[in-house]
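In what follows, a single structure is set out as structure tokens and then discussed.
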Amino acid sequence: MAVPYHHREIEQKWRKHWEANPVNVQDGTKPKYYCLDMFPYPSGSGLHVGHWRGYVISDVWSRYKMMQGYYLIHPMGWDAFGLPAENYAIKMGVHPSKSTAENVANIKRQINEIAAIYDWDREVNTTDPEFYKWTQWIFVKMFKEGLAYEKQMPINWCPSCKTGLANEEVVDGQCERCGSDVTKKNLKQWMLRITKYADRLLEDLDKLEWPEKVKKMQTDWIGRSYGAEVNFKVDGKDESITVYTTRPDTLHGATFMVLAPEHAMAKELATPETEAAVEKYIYDASMKSNVDRLQDKEKTGVFTGSYAINPLNGAKLPIWLSDYVLADYGTGAIMCVPAHDDRDFEFAKKFDIPIIQVIAKDGKEIENMEEAYTEASGTMINSGDWNGMESSTLKAEAPAMIEKMGFGKKTVNYKLRDWVFSRQRYWGEPIPIVHCEKCGCVPVPEEELPLLLPDVESYQPTGTGESPLADITEWVNTTCPACGAPAKRETNTMPQWAGSSWYFLRYVDPKNPDALVDRKIADELLPVDMYIGGVEHAVLHLLYSRFYTKFLYDIGVVGFDEPFKKLFNQGMITGKNGIKMSKSKGNVVSPDDLVRDYGCDSLRMYELFVGPPELDSEWDERGIDGVYRFLNRFYNLVMSNKDLDVKETPELIKIRNKMIYDITQRLNQFSLNTVVSGFMEYNNKLIDMSKNGGVDKETLNAMVKLIAPFAPHIAEELWSQLGNEGSVFHVAWPEADESAMKDTEVEIAVQINGKTKVVTTIDAECSKDDAIAAGKAALGDKLTGTIVKEIYVPGRIVNIVVKP
RNA sequence: GCGGAUGUGGCGGAAUUGGCAGACGCGCCAGAUUUAGGUUCUGGUGGGAGACCGUGGGGGUUCAAGUCCCUUCAUCCGCACCA
């Protein structure tokens, strides 16, 4: 007789019970485990089944860690400042403070549907003045340490969002947020000196258990390279041009020089004959947008009419201008070795410039060179004193040699740029700086923080490069904290990344009025052990957080310099044909109906069952039936056996221990999809056992414990139905007795020449000879020809190799 | 262009790391229960009459290859003139 599984009743019952008796009791005597989700920004469109996945993964992992005996820290909060929230507010015509509060309430309600065990006592919101007080405090500290500074420069500007952007926020020349083409705008900006941390950010990646993909992305983003700066005298002038090169070994092969059109010396190098062409080229380059410049792969350039002298051999090198040289990398000028660089080769071919090979390929000089030889391996040729040296050795030694010879120096270069930190928008933390005519930039005194964001009616971005705050004269006009003279407040706000760069620290001490985090508590509960979220923040949030943490470590706020020990990137749940779920595509699947029809437990398990957690998975609505049926059968298995008082048998003991072992192992490997299929497999086995004498309570209890992190409601219900006291989440994770898992007999495949012919059963402990004999017997007259070799893989295969 | 990931039945995906390919589930087929439909239960389900053939394609190593090596194709992602 089937006992109906009423998921709605069961889930409501336990939801209510847990509200009164929280499962996650915080016990500081146990070792801590901090499992963190990337906190969401409170979007207006709510959660879809894709959002569920990350939260389910982290909740399963959290509950597992809790049952393993850890003091679990599993907080949640809101990344509520910034462009997405503000753009939404503008679209809806509501004040961002209002829409943000509404959206937080809505998403919190939706997140509660997942039944995750968040510590709501630790909840933070980046727009809360008690929170952003510390966001501002960090900025003041950085200012005092010289890490925050003002600079006038052309920055990335999004004409649609009407604000400056950090390099990290520009993707393919477009705004990361809205997709508009990014332009340049010359603005006075606050910058954070993240480049000072470049080496540490790069080298400490080794300490982290992060996906290699993310580490690689950060490595490439930081982009460290070793080389030399070399000075070239301009022929007939006193000045010289400094270039940066990673291949000083090829110095003899330089046949021309190229400067970026923005280079400070570009104009003055022009001769009367070339002046017009040079000025036109510089002007044209300045009119090209970022996007155009990225797309035009065909090399262009103009000869300045001037020459540089190769300091090594005195060769006269024509100086060109071309926009394939970037103004803001290295020195904005390069020496060109067409024989050994693809780009220089292309340029030299196009403008008919000589090509001199200085590294032998396969020991020879190449006749009719058709492409550059870019390997740093081979013997130096055509290189004066350097002839005969190995190029890889020379590449490493040349910077020091050049330095000794007095025309250059050893250098390191990075692609990483300082972080453009100010935004010309309303919805962010005000930058706590006062501009005084006499004292310059003066930070707001720490005891006056937070500097509140003024409540205004008009918060639309101006587009002029000024923040909307600039219009609020009564707020802007203030006195200098240093000298008391009339002064003006900084009106730019911080980017959306400011709060998210350190929020995970605040969770462990969320209400502390005197410190960002109490150092003692920080030492006990931080850093984050497991961080779960999407891969889209690889060079944004994850890089910024590491930078902030290192800074806070340096000033003694925390005692560790990496925030996230482990990182897990869950794959995306997509709609049909791998299309990203979005409102505009109309392919969003809402979890609400599924929870109503199948229950939270079914949806949680199905979110995991769809595929490996690290890969993208297409959502197929029909599949959830399978999980739902499984929970029904499992419920019936327990309900129909719980009062039978079945004695455990060797067979049951074996299944129970194998089940514990298998499930735990798969869980430890984070193979959550196969954990779910493992439950189904063992459920089927136990149903078979149930039909042949029943299943004992110990085994049922074990399975309930194992399934608890995945399907908490049904587990709690069955735990109590089995007559146990208290919550299943407060009992220890079961351990497998490996000695009880051994089979006495095993099935082996019997093969001839590697092809399976029959399957037979043998004693698990039997010797090689016995196994082969048993295999031959099982083959009978299928075995013909001359036996060449006999192979036995214990417990698996007997293979007889024969010749006809 | 450079780098990375992926490729297995009608579909989602397993495979103890070189040892019976297709676990588990969806779907489908047949049967049972039901007044009937749905639910539930039982059995079947890679292809082929067959010997055999089958893990994107081709080659190789091995007693044995989805797994290792070489080569090639397709899709997706990241970076993109960084000297």
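To find a chain, count down the sequence lines: A is the first, B the second, and so on, and within it residues start at 1. Values in this document were obtained by computation on a predicted structure and should not be read as measured data.
- Pair assignment for B:U55: none, as no Watson-Crick or G-U wobble contacts are both less than 3.5 Å.
- Among the atoms of the strands shown, only primed sugar atoms or phosphate atoms (P, OP1, OP2) are found under 4.0 Å from some heavy atom of A:Arg633.
- Crowding of A:Gln669 atom CD: a count of heavy atoms from other residues, nucleotides or ligands under 6.0 Å exceeding 12.
- Among the heavy atoms of the strands lying under 4.0 Å from A:Asn673 are primed sugar atoms or P, OP1, OP2 only; no base atom is included.
- For A:Met217, the listed nucleotide lying nearest its side chain is B:G78; candidates were B:A80, B:G78, B:C41.
- In this structure, CG of A:Asp688 is placed 12 Å from C1' of B:U42, rounded to the nearest angstrom.
- Using a 4.0 Å heavy-atom cutoff across all strands shown, A:Lys757 reaches sugar-phosphate atoms only and no base atom.
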Exercise. Step by step, work out the side chain to side chain contact (heavy atoms under 4.5 Å, CB included) result for A:Ile10 and A:Asp601.
Key: CA-CA 10 Å; A:Ile10 291 171; A:Asp601 286 343; 5.8 Å; no
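- Residue-to-nucleotide contacts include a donor-acceptor pair under 3.5 Å from the side chain of A:Arg796 to the base of B:U16.
- Under the 6.0 Å distance and 45° angle rule, A:Lys299 counts as a cation-pi partner of A:Tyr324.
- The neighbour count for A:Glu765 CD, taken as heavy atoms of other residues, nucleotides or ligands under 6.0 Å away, does not exceed 12.
- Partner assigned to B:U67 is none, using Watson-Crick or G-U wobble distances below 3.5 angstrom.
- In this structure, A:Lys213 places its NZ atom 15 Å from P of B:G3, rounding to the nearest Å.
- Each of B:C41, B:A14, B:A83 was ranked by its minimum atom distance to the side chain of A:Lys691; first place goes to B:C41.
- Between A:Tyr635 atom OH and B:U40 atom P there is a gap of 16 Å when expressed in whole angstrom units.
- Salt-bridge formation is detected for the pair A:Arg224/A:Asp199: a Lys NZ or Arg NE/NH1/NH2 atom is positioned less than 4.0 Å from an Asp or Glu carboxylate oxygen.
- Shown here, B:C20 forms no base pair; nothing in the strands shown gives a Watson-Crick or G-U wobble contact with both key distances under 3.5 Å.
- What separates CG of A:Asp616 from C1' of B:U6 is a distance of 11 Å, to the nearest Å.
- In this structure, B:U62 forms no base pair with any nucleotide, since neither Watson-Crick nor G-U wobble geometry is met with both distances under 3.5 Å.
- If you take atom P in B:A23 and the same atom in B:G13, they sit 15 Å apart, rounded to whole Å.
- For B:G78, the paired base is B:C2 (Watson-Crick or G-U wobble, both distances below 3.5 Å).
- Taking the syn range as angles within 90° of 0, the glycosidic angle of B:A14 is outside it, so the base is anti.
- Counting to the nearest Å, the P atom of B:A64 and the NZ atom of A:Lys789 are 9 Å from each other.
- Nucleotide B:G37 forms a pair with no other nucleotide shown, judged by Watson-Crick or G-U wobble geometry with both contacts under 3.5 Å.
- Protein atom CG of A:Asp597 is 19 Å distant from nucleotide atom P of B:G38, rounded to whole Å.
- We find that CD of A:Glu618 is positioned 13 Å from C1' of B:G13, with the value rounded to whole Å.
- The pair A:Glu403-A:Lys409 does not meet the salt-bridge criterion, since no charged nitrogen lies less than 4.0 angstrom from a carboxylate oxygen.
- Base pairing of B:G25: its partner is B:C11, meeting the Watson-Crick or G-U wobble criterion (both donor-acceptor distances under 3.5 Å).
- Remark: P of B:G19 and CD of A:Glu747 are 18 Å apart, rounded to the nearest angstrom.
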